[in-house]
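What follows is a short report on a single structure.
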Amino acid sequence: MKVIRVREGKERSLLRRHPWLFAGSIASGKADPGETVRVEAHDGRFLAWAAYSPASTIRVRAWSFDAAERIDAAFFARRVERAVALRRRLAVDSDAERLVHGEADGLPGLIVDRYGDTLSAQFLAAGSERWKAAIADALLAATGCRRLYERSDASVRELEGLPRVAGWLRRPEGDAGATVVGVREHGWRLDVDVAQGHKTGTYLDQRDNRRLFADWVRRLGCARVLNAYCYTGGFSVAAFAGGAQEVTSLDSSAPALARADAHVRRNAPEGFDPARHTTLDADANATLRRLIDEGRRFDAIVLDPPKFAASAAHAERAARAYKDINRLAFKLLEPGGLLFTFSCSGGIDAALFHKIVAGAGLDAGVDGALLQRLEAAPDHPTTVSFPEGEYLKGLAILKQ
Ligand code: SAH
């Protein structure tokens with residue numbers, strides 16, 4: 001077993017069960033990509049069993065802080081079972097759910113979502129890559145699913161020195177390999193494409209916020225809704241479910257919009273007039289400005305942009321971009337209207353996001369009442385020892 005020796009004073013984060021060790025904190029030792037190493041303090045004390053990643057600045061990711069634990073196939077089976085058991089207890093109101101959420105489930109560099117009978121996984125670090133076969137077996141055993149698609153095509157793989165790959169990892173003999181899977185969310189029927197969809201297929205972290213949006217639209221009686229950065233239209237379906245009269249879905253991806261329109265039609269009551277749903281294939285920022293110029297107004301707006309800041313280093317530019325779209329949204333809202341606004345940038349924490357949105361309100365000359373703080377659904381947990389895991393934050397604000 002290879003040993004990684006930590007510089008004196010740099011063992012503190014591991015002692016607090018923070019699972020990462022950066023290259024600069026290592027005094028000595030190296031290993032192959034994904035190899036299991038014993039991490040020791042400068043005086044030889046055991047700190048963790050971990051995966052070594054020679055290419056990444058996050059040089060070590062801890063598997064276990066228990067000296068007696070063996071990192072083998074049985075270890076991954078136990079961790080996967082624990083993650084799946086937690087989801088069972090959460091009783092998620094959907095057959096699409098996050099089963100493994102990386103560090104928060106004790107499996108750094110691994111994301112697994114379930115879409116009905118199909119699993120979709122991302123192996124994002126050298127350690128999870130090395131144990132891929134054992135993890136795949138454990139996932140099928142713990143869930144009873146027989147289909148597992150790999151979506152290891154995220155750019156972070158490059159930081160680990162890993163190529164981007166995607167395709168079926170497991171599939172029963174004779175299975176045609178259809179990648180579009182029908183799922184049910186809050187009683188709505190949605191399609192997810194595990195091969196072409198974003199991330200592992202779609203944005204499950206927003207599931208509970210989509211239901212909350214439907215609730216707020218109903219409570220506040222919002223008639224005209226704008227869903228900006230709509231992707232496949234989950235919030236648009238929610239808006240109609242909440243009683244909206246007209247919904248505009250805005251995104252810069254034509255395939256996403258086509259699916260959004262199909263989702264709205266499929267989940268609408270009989271006799272639904274399709275003219276009540278409009279799709280706009282355009283840049284959101286420019287479109288918000290145009291809608292203001294045209295004198296359009298909305299009773300509710302969703303702003304769910306892609307990550308503007310991957311890390312704190314880009315926070316300042318991202319802050320300006322968030323402020324800009326939120327200011328425009330405040331202007332487009334009727335007094336009494338609802339803003340559902342999000343940031344999924346890890347580099348912008350909830351307090352900063354709150355400040356940015358408050359600043360946008362000031363610039364737009366409106367007061368806002370904070371109705372609710374929003375976060376990722378509980379099947380995307382964060383552990384207390386790993387604040388970096390917290391990324392999605394949102395605010396439900398009433399324009400006064
Ligand atoms: N709210 C969605 C998820 C949004 S993901 C849901 O609940 O499923 C962010 C979306 O923003 C993606 O669909 C992406 O195509 C879109 N997007 C990215 N840049 C954009 C831009 N400049 N203008 C409009 N849409 C954009």
Side-chain angles (χ1 to χ4, degrees), residues 1-67 69 71 75 79 100-111 122-132 152 154-164 307-319 343-352 381-391:
M1 179 67 59
K2 292 179 186 160
V3 171
I4 300 298
R5 191 62 67 93
V6 177
R7 281 173 191 264
E8 189 166 358
K10 295 291 185 185
E11 70 282 0
R12 251 175 273 147
S13 66
L14 283 170
L15 286 171
R16 287 212 211 92
R17 296 190 164 234
H18 186 287
W20 292 354
L21 191 64
F22 287 90
S25 302
I26 293 177
S28 67
K30 46 168 157 293
D32 292 335
E35 191 177 351
T36 303
V37 292
R38 179 186 156 96
V39 186
E40 292 182 351
H42 69 101
D43 55 5
R45 250 181 321 152
F46 170 86
L47 293 172
W49 300 116
Y52 190 79
S53 183
S56 175
T57 49
I58 306 174
R59 194 58 50 90
V60 158
R61 286 180 164 86
W63 291 128
S64 172
F65 299 99
D66 176 358
E69 192 134 41
I71 309 305
F75 165 81
R79 284 282 158 98
V100 178
H101 192 52
E103 280 76 357
D105 285 299
L107 291 165
L110 179 68
I111 298 292
Q122 296 179 308
F123 297 82
L124 300 174
S128 57
E129 173 75 14
R130 185 145 171 148
W131 289 97
K132 193 184 284 179
S152 302
S155 58
V156 292
R157 289 260 300 185
E158 278 158 23
L159 302 177
E160 297 280 319
L162 299 168
R164 301 194 198 188
K307 211 187 286 174
F308 287 160
S311 67
H314 304 106
E316 207 174 296
R317 201 183 55 209
S343 161
C344 59
S345 297
I348 300 220
D349 67 17
L352 176 56
T382 43
T383 36
V384 280
S385 59
F386 184 61
E388 289 88 341
E390 206 172 308
Y391 65 105

Less than 4.0 angstrom from a charged side-chain N to a carboxylate O is my criterion; do Arg130 and Glu35 meet it?
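Salt bridge flag = no for Glu35 with Arg130.
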[atom1]/[X] to [atom2]/[Y] distance, rounded to the nearest 0.5 angstrom?
X      : Y      : atom1 : atom2 : answer
Glu129 : Gln122 : CD    : CD    : 12.5 Å
Asp66  : Phe75  : CG    : CZ    : 9.5 Å
His42  : Arg5   : NE2   : CZ    : 9.0 Å
Leu124 : Leu162 : CG    : CG    : 9.0 Å
Leu15  : Ser385 : CG    : OG    : 12.0 Å

Would you find a donor on one side and an acceptor on the other, under 3.5 Å apart, between the side chain of [X] and the backbone of [Y]?
X      : Y      : value
Ser56  : Ile58  : yes
Arg157 : Phe123 : yes
Ser128 : Gly109 : yes

Just say parallel, tilted or perpendicular for the rings of Tyr391 and His101, cut-offs at 30° and 60°.
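Ring orientation of Tyr391 relative to His101: tilted.
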Check against side-chain contact (heavy atoms from CB on, under 4.5 Å), Tyr52 and Arg59
CA-CA 6 Å; Tyr52 190 79; Arg59 194 58 50 90; 3.6 Å; yes
Check: residues 19-34 side-chain donor-acceptor pairs under 3.5 Å, at least two apart:
| residue | atom | partner | partner atom | Å |
| --- | --- | --- | --- | --- |
| Trp20 | NE1 | Glu103 | OE2 | 2.9 |

Kindly give the heavy-atom pair with the smallest separation between [X] and [Y], and that separation in Å.
X      : Y      : value
Arg61  : Pro108 : CD-CB, 3.7 Å
Val60  : Ala50  : CG1-CB, 3.3 Å
Ala125 : Glu160 : CA-OE1, 3.5 Å
Trp49  : Ile71  : CB-CG1, 3.7 Å
Arg79  : Asp105 : CD-O, 3.9 Å
Val6   : Glu11  : CG1-N, 3.7 Å

Counterpart residues, side chain to side chain donor-acceptor pair (under 3.5 Å), relative to His18 (two or more places apart):
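His18 satisfies side chain to side chain donor-acceptor pair (under 3.5 Å) with Glu388 once adjacent residues are dropped.
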Are there more than 12 heavy atoms of other residues, nucleotides or ligands under 6.0 Å from atom NZ of Lys132?
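Atom NZ in Lys132 is packed in, count exceeds 12.
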Got more than 12 heavy atoms from elsewhere within 6.0 Å of CZ, Arg317?
no
Do any pairs count as a salt bridge (charged side-chain N to carboxylate O under 4.0 Å, His left out) and have a residue in residues 42-54, sequence neighbours left out, and if so which ones?
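Only Asp43-Arg45 qualify under salt bridge (charged side-chain N to carboxylate O under 4.0 Å, His left out).
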Phe308/His314 under side-chain contact (heavy atoms from CB on, under 4.5 Å): CA gap, chis, key distance, verdict:
CA-CA 8 Å; Phe308 287 160; His314 304 106; over 6 Å; no
